[in-house]
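Every heavy atom of this structure was used, including side-chain atoms; hydrogens, water molecules and symmetry mates were not.
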Amino acid sequence: VNHVWKAAQFLDIESGLRTDWNKNKSNISTDDGRFFVMPRIATLIKYNQHLTTRLSGGLGYRPLTIFNEEAEPYGFKNFVAIDFANAKAENSIGLNGDIGYKSTFGENTLLSLNQMFFYNSIQNPIVLQTTANGQFQFANASNNIKSQGFETQIKLTFWKITWFLGYTFTDVFFDKTEKETLVLNPKHSIKGDFLFVEDGKWRIGLDYEYKSGQRLSNNQTTRGLFTTGLVIERTLGNFVLFGNAENITDARQTRYESLISQPNNTPQFTEVWAPLDGRFFNFGLKIKLD
């Protein structure tokens, strides 16, 4: 159910309610099924044509499954089936708000600024664990997880060039008496790109990303990572020639450490905290059919 209400000329309110029934089964066990009720609400306040504020919040859930982004880097290998009879889906509450500003200067310049803040609390969080024999399993942690931080974005368009820069501060931790930072979560990250577009001729883009060090399960901290990529497109009538280069800086985990550790007769896989692929290039031709 979804409802949009224009409460005033300067105020829009959107509310919704979703319910799910989720039941799970593995070759170990099955659960009894459970209903999830997830309300949400969002507001948009328009002070003038340049300045706006958005506020939103809601509830959510995440069922247990091995088919997720945490297992994907391992190719879903050596994962233990989930014991659904003794596991729960995680529940979350999230709140966020932002202030946005957009304005034009002259005929060729557009500036956009956005400052966003967020807070999330997760009950029965699902975490990846390593078993005694070196296999992986997903299970519920004993403490809640809290995530809080902010994101700053700047976008400037001048003539045919667009520059974007975004910085995110994320503090993710287990809610214990003594704060424990969650593994594989960089506190600081920067993303951005430069884009040059000449309609019908050129499209050239350069993107870059930086991630600060991440805590591993052994309490060590990884190095920061900087990656960048480049894409070039040239349009000639109905033909488009393109070239793409990714991870030009060759930031990959195998440059800094081995992906396996001793003992050699039963090697252990290290945690994945960096790209596993190095530099990647591809070229091609696109044909537009009128």
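- Note: F226 and Y208 have parallel aromatic rings, judged against thresholds of 30 and 60 degrees for the angle between ring planes.
- Contact annotation: the side chain of F283 never approaches that of F242 to less than 4.5 Å [non-hydrogen atoms, C-beta and beyond].
- Counting only distance, with no hydrogens or angles, the side chain of S29 and the backbone of F84 share a donor-acceptor pair below 3.5 Å.
- R62 and N124 are not linked by any side-chain donor-acceptor pair at a separation below 3.5 angstrom, with hydrogens and angles left out of the test.
- For the residue pair E271 and S217, a side-chain donor N or O sits within less than 3.5 Å of a side-chain acceptor on the partner.
- In this structure, a donor-acceptor pair under 3.5 Å is present between the side chains of S56 and N96.
- L156 and F105 fall within the same hydrophobic cluster, defined by Ile, Leu, Val, Met, Phe, Trp and Tyr side-chain heavy atoms under 4.5 Å apart, directly or through other members.
- Relative to the ring axis of F196, K160 does not place its NZ or CZ within 45° and under 6.0 Å from the centre.
- Around the NZ atom of K201, the shell of radius 6.0 Å holds no more than 12 heavy atoms that belong to other residues, nucleotides or ligands.
- In this structure a side-chain-to-backbone donor-acceptor pair under 3.5 Å is present from T222 to Q214.
- When I45, T53, N114 are each tested for a side-chain contact (heavy atoms from CB on, under 4.5 Å) with I99, only one passes: T53.
- Considering only residues two or more places apart in sequence or on other chains, K155 meets the salt bridge (Lys or Arg N to Asp or Glu O under 4.0 Å) condition with none of them.
- When the side chains of ILVMFWY residues are joined at heavy-atom separations under 4.5 Å, either directly or via intervening members, I190 and L113 end up in a single hydrophobic cluster.
- I248 meets the side-chain contact (heavy atoms from CB on, under 4.5 Å) test with T228, L230, A245; sequence neighbours excluded.
- No more than 12 heavy atoms of other residues, nucleotides or ligands lie within 6.0 Å of CZ in R18, so this atom counts as exposed by the packing criterion.
- Remark: F10 CZ is loosely packed, at most 12 non-hydrogen atoms of other residues, nucleotides or ligands lying under 6.0 Å away.
- The salt bridge (Lys or Arg N to Asp or Glu O under 4.0 Å) search around R252 returns D250, not counting sequence neighbours.
- R34 places no side-chain N or O within donor-acceptor distance of the main-chain N or O of N22, the cut-off being under 3.5 Å.
- Residues T227 and N247 have side chains that never bring a donor and an acceptor to within less than 3.5 angstrom of each other.
- Within the 4.5 Å cutoff, the side chain of K191 has heavy atoms near those of the E209 side chain.
- Judged purely by distance below 3.5 Å, without hydrogens or angles, the side chains of H188 and Y210 never pair a donor atom with an acceptor atom.
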Using side-chain hydrogen bond (donor to acceptor under 3.5 Å, both in side chains), reason through S92 and N120 one step at a time and then give a plain yes or no. CA-CA 7 Å; S92 67; N120 297 280; over 6 Å; no
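- At a threshold of 4.5 Å between side-chain heavy atoms, the hydrophobic network of Ile, Leu, Val, Met, Phe, Trp and Tyr places M116 and Y167 in two separate groups.
- Judged by distance alone, with hydrogens and angles left aside, the side-chain atoms of T270 form a donor-acceptor pair with the main-chain N or O of L259 at under 3.5 Å.
- Here F164 sits alone; no ILVMFWY side chain lies under 4.5 Å from its own, so it joins no hydrophobic cluster.
- At least one side-chain heavy atom of I287 sits less than 4.5 Å from a side-chain heavy atom of L289.
- Using a cutoff of 4.0 Å between basic side-chain nitrogens and carboxylate oxygens, K46 and D12 are scored as salt-bridged.
- Judged purely by distance below 3.5 Å, without hydrogens or angles, the side chains of Y101 and S112 never pair a donor atom with an acceptor atom.
- A side-chain N or O of D20 and one of Y61 form a donor-acceptor pair less than 3.5 Å apart.
- No more than 12 heavy atoms of other residues, nucleotides or ligands lie within 6.0 Å of CG in D32, so this atom counts as exposed by the packing criterion.
- Side chain of T19 to main chain of F36: no donor-acceptor pair is present (N/O by atom type, distance under 3.5 Å, no hydrogens or angles).
- With no hydrogens or angles considered, no side-chain donor-acceptor pair links T131 and Q137 at under 3.5 Å.
- When the salt bridge (Lys or Arg N to Asp or Glu O under 4.0 Å) test is applied to K77, no partner is found at least two apart in sequence or on another chain.
- As a member of the Ile/Leu/Val/Met/Phe/Trp/Tyr network built from side-chain separations under 4.5 Å, F174 groups with I122, V127, I145, V172, L182.
- Residues D171 and K187 are in side-chain contact: their nearest non-hydrogen atoms beyond the backbone lie under 4.5 Å apart.
- Using a cut-off of 4.0 Å between Lys/Arg side-chain N and Asp/Glu carboxylate O, E198 and R203 are scored as not salt-bridged.
- In this structure, E246 contributes its side chain and F280 its backbone to no donor-acceptor pair below 3.5 Å.
- In summary, the side chains of W273 and E257 do present a donor paired with an acceptor at a separation below 3.5 Å, with no hydrogens or angles considered.
- The closest side-chain heavy-atom distance from I161 to L195 is not below 4.5 Å.
- Under the 4.5 Å side-chain contact rule for hydrophobic residues, L225 and L184 share a cluster.
- A donor-acceptor pair is defined here as one N or O able to donate and one able to accept, closer than 3.5 Å; such a pair exists between the side chain of D31 and the backbone of N24.
- Between the side chains of E14 and N2, a donor-acceptor pair is found at a separation under 3.5 Å.
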For a ring pair (Phe, Tyr, Trp, His ring centres under 6.0 Å) check, start with the C-alpha distance between F76 and F67, then their side-chain angles and the critical distance, and finish with the verdict. CA-CA 7 Å; F76 308 102; F67 300 104; 5.5 Å; yes
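- Neither V231 nor F281 shares a network with the other; the hydrophobic side chains, linked directly or stepwise wherever heavy atoms of I, L, V, M, F, W or Y lie under 4.5 Å apart, form separate groups for each.
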